[in-house]
Amino acid sequence: MNSIKNVSTQMTVRHLKEPFRTSLRTVTHFDLIEFVIETADGLVAKGEAVETPAITGDTKERILRDLNGAIKDLLEGSSFASTLELTTALSQLPAVASAKAAADIALYNLQAAMEDRSLRSLLGCNEVSLSTDVTVPVADLAEIPQLIEKRIAEGFRSFKVKLAMESIDLSIEKLKLIRALVGDSSVIRIDPNQAWSLTHTLAFLERVESAGIVIEYLEQPTPAGQKAALAQIRRKSGIRIMADESCFTLLDLEELIDLEAVDLLNVKLLKSGGITPALEMVRVARQAGVEVLVGSMMEGDGGVYAAAALAGAIAPHHVHDLDASWWATDSRIDYSEGEIALSWIN
Ligand SMILES: [Mg+2]
């Protein structure tokens with residue numbers, strides 16, 4: 001048996017190379033909250049969270065309060081044969097998902113350290129790199145060529161285009177431009193981050209189809225709480241629909257499945273509360289025929305690496321949404337030819 005001697009939190013600031021603009025927010029830098037576990041025999045493991053009040057509702061203050069309160073109370077002094085024994089009790093704590101995610105990732109990292117292997121190996125991922133998209137932020141038409149050319153030059157072939165609420169003519173003009181710039185063999189995904197109404201979305205999709213613009217899927221066009229709107233959109237369009245902000249928990253997923261609302265799910269550890277609940281969501285989604293891709297918030301390398309390890313374990317040959325560390329000025333994760341390297345932590 002081993003035991004947890006103490007847990008603590010620390011914060012660092014992360015800066016981005018260019019502003020990350022979506023219809024929900026603009027990010028230029030952010031605080032990274034690290035959760036550190038130290039065992040009685042001197043092993044140290046970390047997990048991470050960031051605040052995303054516009055998305056999860058979880059503020060820095062609340063995340064720190066939970067990590068240094070309920071989660072510390074649960075973990076400090078506890079003994080275990082495998083740290084994964086502690087993840088169930090953690091997932092049931094009355095704490096915000098972002099805080100639980102940081103602690104759950106730390107427990108997985110600790111288990112990997114105890115077994116002297118990488119997190120990706122612990123999760124069953126044999127890949128050394130994975131395909132990822134890269135985000136094209138909300139931008140004016142005139143800014144798009146430069147944004148796209150930079151991403152093409154760095155080898156990306158899948159583009160997640162963020163669109164705001166704007167005229168459909170303008171959105172279509174942007175998509176035509178992007179398609180011309182990236183070529184026919186690249187993939188375009190669209191993510192309005194809840195900014196659209198049902199009628200706007202239906203009109204947009206009709207225009208996309210009539211203009212012959214090929215997109216891989218449309219992610220979360222309508223507000224998170226309006227799950228039935230996703231179902232209506234899916235029934236009326238041939239374009240595949242992905243849920244992001246509408247799906248945080250298993251309960252959300254089950255509602256979406258009952259409504260037959262989605263083709264795909266974007267799983268993020270800060271929404272689900274870590275790897276443990278995410279794995280359960282993957283199982284339930286797949287049973288219902290819903291395809292799962294893994295994404296992340298604008299996070300630190302530890303959070304992105306954990307998400308990538310999960311992605312590599314559950315769907316190694318899909319194109320995930322793991323470009324967050326590409327945006328950072330101080331990334332320790334390598335990106336090349338549209339792939340994220342998983343060699344950062346061995
Ligand atoms: Mg999204």
Side-chain angles (χ1 to χ4, degrees), residues 6-22 24-38 44-72 75 90 95-110 112-113 118-120 132 134-135 137 248 266-275 278 294-311 320-335 340-345:
N6 66 58
V7 305
S8 57
T9 53
Q10 57 196 44
M11 289 223 282
T12 53
V13 181
R14 192 162 220 222
H15 294 272
L16 302 184
K17 297 185 285 194
E18 54 180 66
F20 181 82
R21 267 196 311 275
T22 74
L24 288 175
R25 60 190 188 136
T26 298
V27 181
T28 55
H29 64 278
F30 57 89
D31 288 323
L32 189 60
I33 301 165
E34 287 183 317
F35 181 69
V36 187
I37 299 179
E38 193 184 341
V44 174
K46 288 180 187 175
E48 290 179 7
V50 295
E51 68 168 355
T52 52
I55 305 165
T56 61
D58 301 348
T59 60
K60 200 163 36 187
E61 292 69 28
R62 184 64 207 266
I63 294 167
L64 286 169
R65 195 180 86 193
D66 287 344
L67 286 172
N68 292 313
I71 292 173
K72 185 185 176 91
L75 297 181
L90 172 67
V96 294
S98 305
K100 289 198 263 193
D104 184 82
I105 293 166
L107 289 172
Y108 269 89
N109 278 327
L110 179 55
S118 65
L119 176 62
R120 75 176 166 86
T132 178
V134 65
T135 301
F248 276 56
N266 190 345
V267 165
K268 296 175 179 167
L269 298 176
L270 292 183
K271 289 191 302 179
S272 67
I275 295 168
V294 181
S296 80
M297 306 293 177
M298 197 42 82
E299 297 183 35
D301 290 339
V304 174
Y305 177 81
L310 174 68
H320 295 275
D321 179 22
L322 297 167
D323 61 324
S325 282
W326 176 79
W327 290 73
T329 54
D330 64 344
S331 175
R332 290 166 292 161
I333 293 180
D334 289 327
Y335 290 84
I340 173 172
L342 287 171
S343 52
W344 173 53
I345 297 172

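Keep in mind that this is a model prediction, so the values were computed, not measured.
Judged by distance alone, the side chain of Ser325 and the main-chain N or O of Ser331 form no donor-acceptor pair under 3.5 Å. Remark: side-chain polar atoms of Lys271 are paired, donor with acceptor, to backbone N or O of Asn266 under 3.5 angstrom. The backbone N or O of Gly274 lies less than 3.5 Å from a partner atom in the side chain of Ser272, making a donor-acceptor pair.
Among residues two or more places apart in sequence or in another chain, the side-chain contact (heavy atoms from CB on, under 4.5 Å) test is passed with Thr28 by Pro19. Looking at residues two or more places apart in sequence or on another chain, you find no salt bridge (charged side-chain N to carboxylate O under 4.0 Å, His left out) involving Asp323. Checked against ring-ring contact (aromatic ring centres under 6.0 Å, His included), Phe248 has no partners two or more places apart in sequence or in another chain. In this view, Val36 and Ser8, Gln10, Val44, Lys46 satisfy the side-chain contact (heavy atoms from CB on, under 4.5 Å) rule, not counting sequence neighbours. Partners of Arg62 according to the salt bridge (charged side-chain N to carboxylate O under 4.0 Å, His left out) rule, which considers only residues two or more places apart in sequence or in another chain, are Asp66. Qualifying salt bridge (charged side-chain N to carboxylate O under 4.0 Å, His left out) partners for Glu61, counting only residues two or more places apart in sequence or in other chains: none.
For the pair Leu310/Tyr108, no side-chain contact is recorded, criterion being any heavy-atom separation below 4.5 Å from C-beta on. Counting heavy atoms from C-beta on, the side chains of Met11 and Ile33 come closer than 4.5 Å. Leu269 is listed as a side-chain neighbour of Ile105, based on a closest heavy-atom distance under 4.5 Å.
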Please walk me through it: do Ile71 and Phe35 pass side-chain contact (heavy atoms from CB on, under 4.5 Å)?
-> CA-CA 10 Å; Ile71 292 173; Phe35 181 69; 3.8 Å; yes

Might you work through the side-chain contact (heavy atoms from CB on, under 4.5 Å) test for Glu51 and Phe30, ending with a clear yes or no?
-> CA-CA 8 Å; Glu51 68 168 355; Phe30 57 89; over 6 Å; no

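Contact record, Leu32 with Glu48: CD1-OE1, 3.6 Å, taken as the closest heavy-atom pair. The minimum heavy-atom distance between Leu270 and Ala101, with the atom names listed, is CD2-CB, 3.8 Å. Shortest non-hydrogen contact noted between Leu322 and Ala307 is CD2-CB, 3.7 Å. When all heavy atoms are compared, the tightest approach of Ala106 to Ile37 is CB-CD1, 3.7 Å. The minimum heavy-atom distance between Val50 and Asp31, with the atom names listed, is CG1-O, 3.8 Å. Among all heavy-atom pairs drawn from Ala45 and Asn109, the shortest one is CB-C, 3.9 Å.
Going from atom CD1 of Ile63 over to atom CG of Asn68 covers 11.5 Å, rounded to the nearest 0.5 Å. Atom CE of residue Met298 and atom OG1 of residue Thr135 lie 6.5 Å apart, to the nearest 0.5 angstrom. For the atom pair Leu107 CG and Lys100 NZ, the distance stands at 13.0 Å (nearest 0.5 Å). Note that OG1 of Thr132 and CH2 of Trp326 are 10.5 Å apart. Values are rounded to the nearest 0.5 Å. In this structure, the separation between CZ on Arg25 and CD1 on Ile55 is 3.5 Å, given to the nearest 0.5 Å. Separating the NE2 atom in His29 from the CZ atom in Arg14 is a distance of 14.0 Å, to the nearest 0.5 Å.
Applying side-chain contact (heavy atoms from CB on, under 4.5 Å) to Val304 and the options Met297, Glu299, Arg332 leaves one that passes, Glu299.
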